[in-house]
Chemist: 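Please see the structure below; I have some questions.
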Number of protein chains: 2
Amino acid sequence: MSVTIHQVAAEAGVSPSTVSNVLNGRSDRMLPQTRERVEEAIARLGYRPNGPARQLRTGRSQVLGLVVPSVANPFWGTFARHLEAAALRAGHRVLLCNSERDPARERDYLEELWADGIRGVVLCSSLPSLEHVLPLVEQGLTLVAFDRTAQAGDPPSLVNISVDNAVGAELATRHLLQLGHRRLAFVSGSLRSVNRRARFRGFEAALEGFGLTAEDTVVWSGAADHDYGDLDFPDLGRSAARELLATGRPPTAIVALNDMCALGIIAGARDAGLQVGTDLSVVGFDDIVLADLASPPLTTIRQPLPAMADAAFAHLHAGVGGTSGTGGARSGGGSLLLRPELVVRSSTGPAPRA
Amino acid sequence: MSVTIHQVAAEAGVSPSTVSNVLNGRSDRMLPQTRERVEEAIARLGYRPNGPARQLRTGRSQVLGLVVPSVANPFWGTFARHLEAAALRAGHRVLLCNSERDPARERDYLEELWADGIRGVVLCSSLPSLEHVLPLVEQGLTLVAFDRTAQAGDPPSLVNISVDNAVGAELATRHLLQLGHRRLAFVSGSLRSVNRRARFRGFEAALEGFGLTAEDTVVWSGAADHDYGDLDFPDLGRSAARELLATGRPPTAIVALNDMCALGIIAGARDAGLQVGTDLSVVGFDDIVLADLASPPLTTIRQPLPAMADAAFAHLHAGVGGTSGTGGARSGGGSLLLRPELVVRSSTGPAPRA
DNA sequence: CTGAAAGCGCTAACAC
DNA sequence: GTGTTAGCGCTTTCAG
């Protein structure tokens, strides 16, 4: 059906191995004219080497796997695009998998990717334990865990790439405190994932720095039995806003788990007739594309996604952690912890006078 | 490195071909006990057939390609997730490619996918001409064009799947007219793509239905020389709002090319101190996840993405257009034109009194 | 009902 | 410098 290396060889009057040699850059030990003849033949026939055959032979794949909770979430969509861009520059492609945050699906996907000959995967999972995936790593899968920090019991070869969530949340909270807010809420779903816990720690740290106690704060983590999926963050925020604002002593500022959740909170506050930015301040996390477009534009913590995607790909590509060259990165034990940045817009403002 | 079919055969005390037979469902002509022994061996060894080898032999791939403008756009991210879900149900995977609406990248990607043995691709391109991709289709690539309708010169095997853009825009425009608006604007980037043109036709059709002339309408299609990418829709909307609202006789209602653009318009209107829903009405297109979350929630035209994704996969999977079973679909010449739906929220309201 | 053998398209020693 | 050769892991006739 397609043109093969033999046809190219015949066209150029050489043997298949010579064609293979030019294909693989071993043209130094070859007459220039031979190389040219081969290249012309390739161009004339529109030949492209057969990927599967090549892969079967070499064991190497030009495809890498990306497992995200859901690309319908703009944050993951944006990350996917950056990763793909990095891969493309090196002639690689990206196979996309949505896990819906289900560990079983994560494992199934990694196994399928492995069976497909894919040896490098970026797993965006913030599950504390990666044991469901350990066998593959031991078998030789190069794994980059994204949006997750190193945990005890991780395989030694694992590289984690994440923003410093505690610092981010602390930045967000301190911003609110400096604006004079003293009654704060932290809105999150369940605190099972490592990054949510880290963000909560940052929230607490900032409060302590201002001498505030638990009395002054509210934590809202949703109905314990309801497991919010990635697309339910807005609903979560909306419910949180509804409940929090109906209490006798509502918070004047809210730190949201992420931007999607923050947008839900804003919607909920609007439902309640509050003006976000004056009556109520809200900070998000991620700085998704639409944060800037919200009404009011969302104050948030920006994750340096392009740098993170580059680092993830570099590690997969090299097989060894490329710690260097990632400006501003702090590295520890093969893992990368990048510093997030506060972006002030208008969803936050001075605390209303009591 | 990995366990092969030979090891399974040895473990089960049979030959490789017998293992292959059970793998491929040819177990009817086989002693049940033999099959069991093989299945046990497979389970015991954790064997998974090697994809590339299988593919090299059969020519079939379990992977299909998806080329979208940019998954950072939530509309495409959502579509990608639906397509992946449909593929997953049939044991297929999806290779994701961002074209950034660049025809050269579309072609390059399709060629790479073909070389990788991928024989079915969903191309989300609304370019009027698909000639840059024709050679591959002639070679045997099964192509589904998404968000595009049939054009003269299309290869006969091509299947187009799209919402009826003209009907959608007409629905949107009529809604505005029924609310009493008489001075309308249509905001779009350049009108090169077929779906933008169709939407514009729908806009015009609705106006004609109400006896309005070009005098009463404004069309804003951006700086002619500036090519807006997929992530620039919000900027486009914002610029449009700024310019349109600064004119002497500004429109009271705007039909936006899509939701991202509409969100930009809303932001621009807010910048100008207008209240969207009362001072100015805005309708979007697509019904992305965040439409419901905007302030005010966006009135828009919903595309039935799950049905569209299912149809796209079904066609790729069958190799033949599965016209039936896609409820509410109108089919024509192997292409599918689905009916969009108006979703009224609060970004539209009665025309302000003159 | 099961096994032996050939070969998909390519690469990488190793001869020549 | 270039060609020959032997598979990578799997499927699939065709014998037995």
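Numbers restart at 1 for each chain; the letters A, B, ... are given by sequence-line order, proteins then strands. None of the values given here were measured: they were computed from a predicted structure.
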Chemist: Shortest non-hydrogen contact from His132(A) to Pro103(A)?
Modeler: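 Nearest pair, atom of His132(A) first, then Pro103(A): CD2-O, 3.3 Å.
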Chemist: Tell me the interatomic distance from Trp114(B), atom CH2, to dG9(C), atom P, rounded to whole angstroms.
Modeler: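 In whole Å, dG9(C) P lies 12 Å from Trp114(B) CH2.
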Chemist: Measure across Ala150(A) and Ser335(A) and return the closest heavy-atom pair with its distance rounded to 0.1 Å.
Modeler: CB-OG, 4.4 Å
Chemist: Between Arg148(B) and Gln151(B), what is the shortest heavy-atom contact and its length?
Modeler: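 Smallest heavy-atom distance, with atoms named: NH2-CG, 3.4 Å.
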Chemist: Give a yes or no on whether Arg35(A) atom CZ has more than 12 heavy-atom contacts from other residues, nucleotides or ligands under 6.0 Å away.
Modeler: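 Counting neighbours around CZ of Arg35(A), 12 or fewer heavy atoms of other residues, nucleotides or ligands fall under 6.0 Å, so no.
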Chemist: Let me spell it out: for each of Ser15(B) and Ala53(B), pick the nucleotide of DNA chain C with the closest heavy atom. Which residue's pick is nearer the 5' end?
Modeler: Ser15(B)
Chemist: Between Arg93(B) and Glu111(A), is the closest basic N to carboxylate O distance under 4.0 Å?
Modeler: no
Chemist: Should the pair Asp116(B)-Arg48(A) be classified as a salt bridge under the 4.0 Å nitrogen-to-oxygen rule?
Modeler: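 Looking at Arg48(A) together with Asp116(B), the answer is no, because their closest N to O distance does not fall below 4.0 Å.
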Chemist: Expressed in angstrom and rounded to an integer, what is the separation of Asp116(A) atom CG from dC8(D) atom P?
Modeler: 20 Å
Chemist: So which protein nitrogen or oxygen atoms get under 3.5 Å of nucleotides 14-16 of chain D's nitrogens or oxygens?
Modeler:
none

Chemist: Kindly calculate the angle separating the two end axes of the helix from dC1(C)-dG16(D) to dC16(C)-dG1(D), each obtained from five base pairs, and round it to 10 degrees.
Modeler: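 Helix axis angle between the two ends: 40°.
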Chemist: Look at the side chain of Asn50(A) and decide which nucleotide, out of dC10(C), dT2(D), dG9(D), has an atom nearest to it.
Modeler: dC10(C)
Chemist: Between dC10(C), dG3(C), dT2(D), spot the one nearest the side chain of His6(A), thanks.
Modeler: dC10(C)
Chemist: May I have the distance from Glu36(A) (atom CD) to dG1(D) (atom C1'), rounded to whole angstrom?
Modeler: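 Computing the Glu36(A):CD to dG1(D):C1' distance gives 16 Å.
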Chemist: Check whether Trp114(A) forms a cation-pi arrangement with Arg119(A) (NZ or CZ under 6.0 Å from the six-membered ring centre, at most 45° off the ring normal).
Modeler: yes
Chemist: Kindly say whether the aromatic ring centers of His92(B) and Phe313(B) come within a distance under 6.0 Å.
Modeler: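 Close enough - the centres of the two rings lie under 6.0 Å apart.
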Chemist: Counting only heavy atoms not in Arg107(A), do more than 12 sit closer than 6.0 Å to its CZ atom?
Modeler: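 Atom CZ in Arg107(A) is crowded, with more than 12 foreign heavy atoms closer than 6.0 Å.
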Chemist: Are any of Thr4(A)'s side-chain N or O atoms less than 4.0 Å away from OP1 or OP2 of dG9(C)?
Modeler: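 No, because none of the side-chain N or O atoms of Thr4(A) sits under 4.0 Å from OP1 or OP2 of dG9(C).
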Chemist: CD of Gln55(A) versus P of dG9(C): gap in Å, rounded?
Modeler: 16 Å
Chemist: Do the side-chain N or O atoms of Ser2(B) get closer than 4.0 angstrom to the phosphate oxygens (OP1, OP2) of dG9(D)?
Modeler: no
Chemist: Consider the side chain of Leu56(A), meaning its heavy atoms from C-beta on, and name the nucleotide among dG9(C), dG3(D), dG3(C) that approaches it most closely.
Modeler: dG9(C)
Chemist: Should the heavy atoms of other residues, nucleotides or ligands under 6.0 Å from CD of Glu100(A) be counted, would the total exceed 12?
Modeler: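 Yes, because the 6.0 Å sphere around CD of Glu100(A) holds more than 12 heavy atoms from other groups.
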Chemist: Just checking, any donor-acceptor pair under 3.5 angstrom between side chains of Ser162(A) and Asn160(A)?
Modeler: no
Chemist: Reading nucleotides 11-16 of chain C from the 5' end, what letters show protein touch, with B for base, S for backbone sugar-phosphate only, - for no heavy atom under 4.0 Å?
Modeler: BB----
